[in-house]
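Read the numbers this way: they start at 1 and go in the same order the structure lists the ligands and their atoms.
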Amino acid sequence: MILHEIETTDRQELEKIQLERLQETVRNVYSKVPFYKEKFDQRGIRPEDIHSLNDIELLPFTRKADLRSHYPFGLFAVPQNELVRVHASSGTSGKPTVVGYTGKDIDMWSEIVARAIAAGGGKPGDFLHNAYGYGLFTGGLGLHYGSERLGLVTVPVSGGNAERQITLIEDFKPAVICGTPSYILSIAEKMEEQGKDPAQTSVKYGIFGAEPWSEKMRQKIEEKWNLKACDIYGLSEVIGPGVAMECHEAQAGLHIAEDHFFPEIINPVTLEALPPGEEGELVFTSLTKEAFPIIRYRTGDIASLSYGKCTCGRTTVKMSRVKGRVDDMLIIRGVNVYPSEVEHYLLTVEELSPHYQLHLTRKGTLDSIELHVEIKEEVFMGLEQNLEHETIYLLTKKIQHIMKSSCLVSMDVKVNGPKSLPRSEGKAVRVLDKRESGIEV
Ligand code: DLL
């Protein structure tokens with residue numbers, strides 16, 4: 001279901017709207033946020049210099065570190081009494097990054113998430129089971145407001161307590177389920193432990209994101225749950241979930257809410273703009289935000305853009321599935337590897353469950369990867385629950401071979417017993433870097 005005519009408008013019309021909004025945003029940040037005024041002045045740029053969308057390249061980039069150094073509210077463009085909400089992301093080090101919303105911002109966000117849920121297959125009157133975490137994280141409340149806006153019966157379960165999730169799914173019979181792909185898999189696993197089949201539930205559509213996941217992972221989840229799984233993307237610095245969303249008709253790339261966010265792809269090293277189709281770092285400029293407008297925010301996420309009309313009828317630009325974060329890219333003995341690539345190939349191995357972890361270690365001066373995988377329960381039973389079984393040895397060799405030939409990296413592979421790797425309730429931790437701490441495994 002297409003909610004808004006802007007999603008199918010022609011590019012010329014859309015670009016006209018984008019330019020007007022960009023000019024307004026630039027004027028706004030220049031007059032209201034000293035950080036931007038200073039950066040623009042350093043470059044000799046004035047708001048009047050933005051005559052076309054291409055002129056966006058005159059503007060400076062913004063990075064997470066800028067948010068941190070203006071913690072908590074230094075980049076806000078409205079006085080405190082105009083705010084109605086803040087969110088924050090924890091980050092792994094130092095202070096969280098804080099973002100703010102006016103009532104109008106929440107309204108816009110609800111609108112784009114409503115569009116996203118509609119693109120993913122949700123319809124007014126359906127029940128929507130929302131297993132994203134509620135709180136400072138934008139996932140729970142972001143999906144919640146969008147779901148209500150579209151007119152779905154919203155079940156604010158939040159993350160955690162898989163048993164309760166299962167009971168509510170069985171009793172309320174939702175058509176739509178939302179959560180991180182890794183958590184949705186954990187719920188399925190719990191159901192199987194209880195002797196239930198997730199494919200028999202009422203759920204028809206899944207809206208999954210907040211972490212990188214592969215095409216193979218989509219297949220696994222779709223098979224297990226007998227649903228259509230679509231990818232939703234967003235980040236708190238830009239607004240939260242709903243910046244882009246896949247349509248359930250094509251399931252091939254995520255439509256960006258271009259009337260509110262202007263995307264660019266840059267080379268993360270040279271910072272040059274890259275043409276459509278080329279992979280690089282995603283950069284977003286907000287076009288309509290009031291409390292926390294953001295200019296050329298470097299997301300750290302790797303993707304590409306493609307223009308053209310989609311089979312669903314939408315004309316908005318699509319971003320590819322996020323391959324990973326610039327800082328998640330592992331460079332092992334000169335070869336670049338993203339965890340999502342490892343995931344893709346790993347999930348072709350029938351004997352394994354879809355849970356894994358990569359441990360980075362340093363042996364002498366060389367970095368190495370240890371790939372921890374988990375054997376399926378039924379396979380393990382057939383081996384008399386013996387991890388020393390010759391079949392495990394052969395399986396290890398097979399995985400090593402697959403990784404070497406597909407990702408071009410030699411990995412130490414450790415096959416673990418069933419259900420031994422940590423399960424996530426939110427964003428899965430796929431990489432443990434043990435190099436800095438000097439922990440040897
Ligand atoms: O994760 C917002 C969100 C909530 C998106 C629910 C989708 C669903 P943050 O916590 O600020 O916001 O984290 C943003 O998560 O820069 C990406 O690295 C990653 N990410 C988000 N969505 C996807 C996705 C939310 N679909 C960071 N695929 C982003 C891959 C994703 N990575």
How about [X] and [Y]: are their ring centres within less than 6.0 Å of each other?
X	Y	answer
F76	F292	yes
Y356	H372	no
W109	Y101	yes
F35	H70	yes
F172	H129	no

G240-ligand 1 polar pair, N/O distance under 3.5 Å: no
Heteroatom proximity flag, S236 to ligand 1, N/O under 3.5 Å: yes
Measure from [atom] to every heavy atom in [options] and give the option owning the shortest one.
atom	options	answer
atom 20 (N) of ligand 1	G300, A303, A210, G139	A210
atom 12 (O) of ligand 1	L235, D301, L141	L235
atom 31 (C) of ligand 1	E211, K323, M319	E211
atom 21 (C) of ligand 1	C230, G234, G426, G209	G234

contact_flag K427 ligand 1 heavy-atom lt 4.0 Å: yes
Note, K216 side chain near T348 side chain (heavy atom, < 4.5 Å): yes
Heavy-atom side-chain proximity of D66 to F61 below 4.5 angstrom: no
Residue portion contacting ligand 1 (non-hydrogen atoms closer than 4.0 Å) for F208: neither
Cation over ring face, R85 and Y145, 6.0 Å, 45°: yes
Which atoms of ligand 1 sit under 4.0 Å from any heavy atom of [X]?
X	answer
Y132	6 (C), 8 (C)
R325	16 (O), 18 (O)
T138	2 (C), 12 (O)

